[in-house]
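Everything below concerns the one structure shown next.
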Amino acid sequence: MRILDPVLYELMDPTVRRTPATVSWQGRDTKIYNYDKPFDSSRVVYLLDTLTATLRFGGQGIAKVARGSPIKKSGHPEVYKRAFAMGILRGDDSYMDVLIEILLRLLQSEPVAPLLPMIGPANSRIQTLSIDLLQTVIARGDMNIEVLESIESVVVAKAFASIHTGRLDLQPKLLHILHSVILASSTIPQARQGKSKADATLAVAALDPSVTGGSAVLDDTAAKKLPTSTLNPLLGQTLIDGISETTNRPILQHWLDFILTTVPQFSQSLQHLSYPLSECICRQLNLALASLGQVASGEATSDSQTTPIMTDADRRKLISKIFQARSSAYRCLHDAVQVLYAVWVASDWTPPPDAGPKEDTIALIYSRARQRCRRALERLFRAQSSEVMETLIECWFEGNRLKGETTNAPFELVDLLTSSAQTAVHMICESITMRSTPASEKTRKMAVNPNVTDHVLFLFLEDYLGKLEGPIATQVWGRFISLAKDIAGNVYTYKMQVFPTLRCLTTLAEIVTQTTAADDKKIRKDLQETYGKLVDTCILIAGGSFEQGNWIKIPGVNKEVNGRLTPIPRAPSDSALAEKRLTLTISEENNKAVWGVELIDRIEEYFVSKGIPNFRRFLADTDRIGAISTNLAYYVVAPAMKSRSGAALEVEDIILDIIKEMSKIQAATRAWRAPVQEAFNDTRFFNCTPEVAMKWRPIISALMDADKTVFSDLLSKIASAPSANIFTNREYEMLVKSLNLRRLSFVVLAGGQNKFLTQLPSIQEKLVDVLKSSPAPIVQSEVYLCMRVLLCRLSAHNLASFWPIILTELFRVIEHVFTETPADGTDDLALLLSACKFLDLLLVLQTQEFQIQQWMFITDTIDA
């Protein structure tokens, strides 16, 4: 101790005056000491150098003696007196305790502003030597927890102040000694009780000073003398500021290394800080990506409006270091994967053709970032595979489905992280099973992402399966068909999963059936059985809404009509539109009803786009196809045509599309023929709009091809003899005959060119019989309409036999106008209009047969 006495005596020189002070940084108060007047700083530097050399030379021996020798028993009483006057004695302190207090006092001391140019550089040297001495003392070991916590408190406060004063020279040394203190504390038994409520209270209050009563919590906790806190209240904020402040960018690597090596020592207590740290790093990385994106796009950034930007090297350091630390908080992992996903998407950058040095540098940064991002994701995936997979699916849903982005980044990452597509499909299927299985039947618990529902998983799985090639699709077939069988076998439990499963099965089966695996009997059998069950269930779900009577009848809407009035385009105030709006409003009052209608619409759209076109590919058995088509017609098509009443036969476009697709399948003819024929014979059929009529054309044409007797029956109804019953309404008979003539016109129009050439004699016979029977004007009007259709669908020379009687009747109608002008709104006026339309078409077509007769109706001379 004879060596330490003179050194400690000189270091406690009373002429070096220090005044306690408090400095505030971002609302945090830290205690410091200010030098009031100049002093011989070089002498202090010399003493510290001497002391450092002595401790290093003496090793464990001198350290042990210093810890075991009380300062009271010093051979120089003046040393004790100066220590007492300096206020650093606490009971029976040893030489080592006094030395540590002196070094901490030197570390906390700063010159006042006027003395800074004079003492500043020497004071930096003094503080550096003090840190080195403390590091040497701690490295010798055997220190109690109170001393270590005292050192930790001073070092954390000094590091916090150094961040906001830009002292980059001290921060690496402060981090080094702080790491040594934390490691030394972890070796002391029961030194760090991570589950202490006092630790959590202090940490949370220190991290969030905006919380009401935050400072009161700290004061109250300290006043009650709770057990020793294992987590310094200022440590969390210091770490956050250390990695987020712009001035710290040159030494960012030191802060990240400190966090990575220190976090494991706080496996319990630091979980209160793990999320703020992770959030801070994610925020900094997002800002770095945004700034790099601006640089790559050539946009200028304003210093006054943008967040400070990290350098390229700092970005790479963040990417490589961000998630090597383990965190038990699921949200931290969730945010981590989202940031890494953003890095992966942003790094998929293609330089322009005229790239220069700037673009080459950016491309290099992106390339390295992508490599390190991949390594980080691989490490996370090995530790928490299902959670990482679900977060990637969430990112895909937010980007591709909600924002409309078109990127394959999620699928690329899934392929990189999983060993095979079979593994990826298995993980997705397990996640779906975990969500759809009732809680009472679950055998194990798993962390579930609340933002990823089974609906989102099915959407991702459908897109993922659609991108697989044939051989790979065959490999994943077994795992997915197992899930599909479970759902198809218990449709009441998995009702909402039936349709998404059917979509995924269709997507996968479209690929598998194009490979040689389709010849396998087991695969073919599983496909037919599972696909058939799922389709039948979806048909029942789609047909259930019509059985509940969702269509609302409004008084005044169902007006008496005759079936011949073609509706004009509706105005916004039309009653039919008001009916639809009212129906929608009532449905929106019940969330389940709205979801049900949406589900039905999606099922019907699926049958049009993928369902019905794949019946022959997936269901080779014609009987099975016929049975499914019958169910589809019974539960979906027929109710849609029968359940509405009104002025027009309003059938939804999607129902017409379903019938159109069914008409392409020979085995489904018997299923759709009856409802179509019934709708065609409905008196409201021709009250639809032209757009809807265009959708009916291929259906009616298919009906004529499927059943030849339908056309014959239609012809027989046209020239049927008048009823002999005296109570029969003749006006009604004429109306029915006119509708049959219009049906004939529509059938011919729906067919192709010269399709009904072989039936032309029969058609001519019926039309001539109608004209000879002196029918009502409404019937004659339909004859001229039918002739117009024949002119468009048959060759002109095939109609030569029509001209004598047609020209005679046409001349008679026009001549009758000169003798008796028809009144407004009468059938005679409609007949004249129909005749004029027919004459106009003849003049436009200018057929050779009519040109020699046109002089009877028009003239080209100017004397007319």
Side-chain angles (χ1 to χ4, degrees), residues 425 428-430 432-433 435-438 441 454-455 457-459 461-462 465 473-474 476-513 517-518 520-547 596 599-639 658 661-662 665 667-668 670-672:
V425 172
I428 299 173
C429 291
E430 286 295 317
I432 293 174
T433 304
R435 286 166 171 80
S436 56
T437 303
E441 300 179 8
D454 54 347
H455 171 67
L457 291 171
F458 272 116
L459 290 177
L461 182 60
E462 181 182 357
L465 293 175
T474 305
V476 306
W477 172 263
R479 180 59 186 91
F480 179 77
I481 199 65
S482 175
L483 173 66
K485 284 182 178 179
D486 294 340
I487 294 177
N490 195 358
V491 294
Y492 294 101
T493 303
Y494 304 105
K495 180 179 180 181
M496 301 311 299
Q497 287 78 31
V498 170
F499 178 58
T501 305
L502 177 60
R503 291 185 62 91
C504 294
L505 179 60
T506 303
T507 302
L508 183 60
E510 286 177 342
I511 302 175
V512 173
T513 51
D520 187 274
K521 293 183 179 180
K522 185 178 186 304
I523 293 179
R524 175 63 65 179
K525 179 181 178 182
D526 291 341
L527 174 59
Q528 292 179 359
E529 293 180 355
T530 308
Y531 183 79
K533 290 179 181 179
L534 293 175
V535 169
D536 285 337
T537 305
C538 287
I539 291 174
L540 294 177
I541 295 174
S545 62
F546 299 101
E547 298 174 359
L599 179 60
I600 291 172
D601 292 342
R602 293 179 182 178
I603 292 176
E604 292 173 347
E605 291 173 0
Y606 161 78
F607 279 127
V608 172
S609 60
K610 288 188 175 182
I612 301 176
N614 284 316
F615 279 179
R616 284 177 291 187
R617 182 191 297 185
F618 300 161
L619 305 172
D621 187 4
T622 56
D623 295 337
R624 184 60 174 162
I625 296 175
I628 293 179
S629 301
T630 302
N631 290 339
L632 183 61
Y634 180 80
Y635 288 103
V636 178
V637 176
I658 291 176
E661 293 298 329
M662 292 176 64
I665 303 176
R670 296 181 60 184
W672 61 268

Can you name the nearest heavy-atom pair linking [X] to [Y], along with the distance?
| X | Y | answer |
| --- | --- | --- |
| Asn631 | Ile539 | O-CG2, 3.5 Å |
| Cys538 | Val498 | SG-CG1, 3.8 Å |
| Met662 | Ala671 | CE-CB, 4.0 Å |
| Val512 | Thr474 | CG2-N, 4.4 Å |
| Ala509 | Leu527 | CB-CD1, 3.7 Å |
| Ile625 | Leu619 | CD1-O, 2.9 Å |

Practice prompt. Could you pull out all residues at least two apart from Tyr531 that satisfy ring pair (Phe, Tyr, Trp, His ring centres under 6.0 Å)?
Written response: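 Here the qualifying residues are Phe618.
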Would you compute the distance between atom [atom1] of [X] and atom [atom2] of [Y] and round it to the nearest 0.5 angstrom?
| X | Y | atom1 | atom2 | answer |
| --- | --- | --- | --- | --- |
| Arg616 | Asn614 | CZ | CG | 10.0 Å |
| Thr493 | Asp486 | OG1 | CG | 11.0 Å |
| His455 | Ile432 | NE2 | CD1 | 11.5 Å |
| Met496 | Phe458 | CE | CZ | 11.0 Å |
| Lys485 | Ile487 | NZ | CD1 | 13.5 Å |
| Thr622 | Phe615 | OG1 | CZ | 14.0 Å |

Discussion item. With side chain to side chain contact (heavy atoms under 4.5 Å, CB included) as the criterion, how do Leu461 and Phe480 come out once you've worked through the C-alpha distance, each side chain's angles and the decisive distance to 0.1 Å?
Written reply: CA-CA 10 Å; Leu461 182 60; Phe480 179 77; 3.7 Å; yes
Item to complete: Could you tell me whether a side-chain N or O of Thr433 sits under 3.5 Å from a main-chain N or O of Cys429, the two making a donor and an acceptor?
Response: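 Indeed, once roles are kept as given, a pair shorter than 3.5 Å links the two residues.
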Discussion item. Do Tyr606 and Arg503 have side chains that approach each other closer than 4.5 Å (heavy atoms only, starting at C-beta)?
Written reply: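 When only atoms from C-beta onward are counted, Arg503 and Tyr606 do touch, with a gap below 4.5 Å.
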Item to complete: Taking the side chain as every heavy atom from C-beta outward, state whether Leu465 and Val425 have any pair of such atoms under 4.5 Å apart.
Response: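 SC-SC contact between Leu465 and Val425 confirmed.
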Worksheet entry | Test side chain to side chain donor-acceptor pair (under 3.5 Å) applied to Arg624 - qualifying residues, sequence neighbours left out |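 Only Asp536 meet the side chain to side chain donor-acceptor pair (under 3.5 Å) criterion with Arg624.
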Worksheet item: When you check the gap from the basic side-chain N to the acidic O, do Lys610 and Glu661 get nearer than 4.0 Å?
Response: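 Here Lys610 does not pair with Glu661 in a salt bridge, since their nearest N and O are not under 4.0 Å apart.
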Item to complete: Step by step, work out the side chain to side chain contact (heavy atoms under 4.5 Å, CB included) result for Lys495 and Ile541.
Response: CA-CA 9 Å; Lys495 180 179 180 181; Ile541 295 174; 4.1 Å; yes
Practice prompt. Show the numbers, then the answer: is there a side chain to side chain contact (heavy atoms under 4.5 Å, CB included) between Val637 and Trp672?
Written response: CA-CA 8 Å; Val637 176; Trp672 61 268; 6.0 Å; no
Discussion item. How about CZ on Arg617, more than 12 heavy atoms from neighbouring residues, nucleotides or ligands closer than 6.0 Å, or not?
Written reply: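 Yes.
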Worksheet item: With no hydrogens and no angle check, do the side chains of Tyr494 and Thr501 hold a donor and an acceptor under 3.5 Å apart?
Response: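 No pair is found: no donor N or O on one side chain lies under 3.5 Å from an acceptor on the other.
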Worksheet item: Have Asp621 and Gln528 got a donor and an acceptor in their side chains that come within less than 3.5 Å?
Response: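 Distance-only check fails for Asp621 and Gln528.
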Worksheet item: Among Leu632, Leu502, Leu540, whose side-chain contact (heavy atoms from CB on, under 4.5 Å) with Val535 holds?
Response: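 Of the listed options, the one satisfying the test is Leu502.
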